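Notes follow the structure.
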Number of protein chains: 2
Amino acid sequence: MPRGNGQGPVWWHGRFKGCGYRITVGREVILDVLTKADRHLSAEDIYMKVHAAYPAIGLTTIYRTLEILVNMGLVFKFDFGDGRARYELAEGSNRSTHHHHLICTNCKRVVDYTDFIDDEIELLHKTEKGLSDKYNFTITNHLIQFYGLCDKCKKRK
Amino acid sequence: MPRGNGQGPVWWHGRFKGCGYRITVGREVILDVLTKADRHLSAEDIYMKVHAAYPAIGLTTIYRTLEILVNMGLVFKFDFGDGRARYELAEGSNRSTHHHHLICTNCKRVVDYTDFIDDEIELLHKTEKGLSDKYNFTITNHLIQFYGLCDKCKKRK
DNA sequence: GCTATAAATGGAAATGATTTTCATTAACAG
DNA sequence: CTGTTAATGAAAATCATTTCCATTTATAGC
Ligand SMILES: [Mn+2]
Ligand SMILES: [Mn+2]
Ligand SMILES: [Zn+2]
Ligand SMILES: [Zn+2]
């Protein structure tokens with residue numbers, strides 16, 4: 001049921017149809033959950049939220065939909081090292097601004113950060129350009145994660 | 001049996017004992033395989049190489065040893081998205097110079113690169129410093145991966 | 001070198017996230 | 001409205017990694 005607001009079809013409908021995919025209730029609800037997410041969700045997390053409103057939708061559908069979304073580039077899939085993948089919308093929510101991660105190796109807490117140092121983005125582009133040329137690689141995306149000890153874990157040691 | 005060359009105990013023996021770990025044949029062989037590796041090895045890859053010379057050593061030991069090595073920071077554990085972890089020595093081989101990765105999202109090929117743009121390292125340090133201060137995070141490591149289409153996969157499309 | 005003790009090990013079984021299978025349902029072009 | 005085919009759910013299968021536990025081994029102290 002979540003149709004955004006009232007202005008007709010939601011933003012991703014076009015892209016979905018363009019790829020030959022059908023619009024289903026399951027997919028709408030999953031996108032809706034991802035849009036409203038306020039943290040990095042696992043497939044199971046998403047399943048539980050979806051299940052609360054639509055108990056008929058199974059976990060398999062969650063996995064299948066996420067795979068499509070990741071392949072279409074609408075969703076990012078991350079590995080934070082705890083054995084389950086995490087998903088995050090790539091566009092369309094405030095969560096989806098491009099950002100990097102700070103991961104606590106002790107408690108696995110993950111901090112998003114978007115406040116890049118001014119030069120950071122520029123250098124990133126320069127680096128991508130250099131690599132792209134040198135290795136004849138078409139770079140479409142990047143993953144940058146810093147590991148260490150968070151605030152709280154530092155105190156406990 | 002691989003004892004490096006002849007100059008007494010191998011470089012990592014001290015660190016192992018320092019952490020209260022015992023030096024065992026299994027651990028020696030695993031480190032030896034990692035030292036000689038010419039690519040990113042999975043636990044199973046390592047097991048097969050180890051098994052060729054020492055059939056008595058089990059896969060469980062490989063996993064257990066790798067976990068210790070990763071925790072000690074002697075080995076890096078990576079996720080390249082194919083469902084199995086990859087391991088790479090952090091010091092002691094030519095493979096172990098700090099480097100970043102270029103990953104083909106189509107064929108999963110992984111290119112190591114160490115030829116950082118001059119500014120890259122400096123900016124990385126600046127960024128780490130900034131994040132460290134702002135989030136009160138002690139940064140010990142980073143992971144940088146660029147995703148895209150490799151040379152060969154580009155041609156096929 | 002010999003011994004006692006706790007760490008390390010191997011193999012089998014368990015785990016748990018993700019994928020596959022297959023019979024059924026639903027989206028949507030015409 | 002209907003036929004075609006994609007999408008789905010439930011259950012079973014996969015498969016990398018972990019856990020269990022009885023046995024072996026490294027090594028500190030004699
Ligand atoms: Mn994030
Ligand atoms: Mn590498
Ligand atoms: Zn922490
Ligand atoms: Zn490729």
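Computed from a prediction, not measured in an experiment: that's the story for all the values here. Just so we're on the same page: letters track the sequence lines, and every chain starts at 1.
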From NE2 of H51(A) over to P of dT8(D), roughly how many Å is that when rounded to an integer?
15 Å
According to salt bridge (Lys or Arg N to Asp or Glu O under 4.0 Å), does anything in residues 131-149 of chain A pair up with another residue at least two apart or in another chain? List the pairs.
K129(A)-D133(A), K134(A)-D115(B)
Heavy-atom closest contact (S132(A) atom, F137(A) atom, distance)
OG-O, 2.7 Å
How many whole angstroms separate atom CG of D79(A) from atom P of dA17(C)?
14 Å
Nucleotides 24-30 of chain C: protein proximity per nucleotide (B base, S sugar-phosphate only, - neither; heavy atom, under 4.0 Å)
---BS--
Between dA6(D) (P) and F16(A) (CZ): distance, integer Å
15 Å
In terms of relative ring orientation, are H40(A) and F80(A) parallel, tilted or perpendicular, with 30° and 60° separating the classes?
perpendicular
Could you check how far CG of L66(A) sits from P of dA17(C), rounded to whole Å?
15 Å
Letter by letter from the 5' end, nucleotides 14-19 of chain D scores (B base, S sugar-phosphate only, - none; protein heavy atoms under 4.0 Å) --SSBB
For Y21(B), which residues count as a ring-ring contact (aromatic ring centres under 6.0 Å, His included) partner, sequence neighbours excluded?
F16(B)
Hey, can you pull the donor-acceptor pairs under 3.5 Å for the side chains in residues 141-148 of chain B, sequence neighbours left out?
residue: H142(B); atom: ND1; partner: E128(B); partner atom: OE2; Å: 2.9
residue: H142(B); atom: NE2; partner: H98(B); partner atom: NE2; Å: 2.8
residue: H142(B); atom: NE2; partner: H100(B); partner atom: NE2; Å: 3.1
residue: Q145(B); atom: NE2; partner: Y147(B); partner atom: OH; Å: 2.8

Rounded to whole angstrom units, what separation is found between the CD1 atom of I68(B) and the P atom of dA7(C)?
12 Å
Are any of the side-chain nitrogens in K49(A) or D45(A) under 4.0 Å away from the carboxylate oxygens of its partner?
no
Here the pair of heavy atoms bringing L74(B) nearest to W12(B) is CD1-CB, 4.3 Å
Provide, to the nearest angstrom, the distance between the CD1 atom belonging to I57(A) and the C1' atom belonging to dA10(D).
15 Å
Rounding to a whole Å, what distance do you find between E28(B):CD and dA8(C):C1'?
14 Å
Who pairs with R86(B) by side chain to side chain donor-acceptor pair (under 3.5 Å), at least two apart in sequence or on another chain?
D82(B)
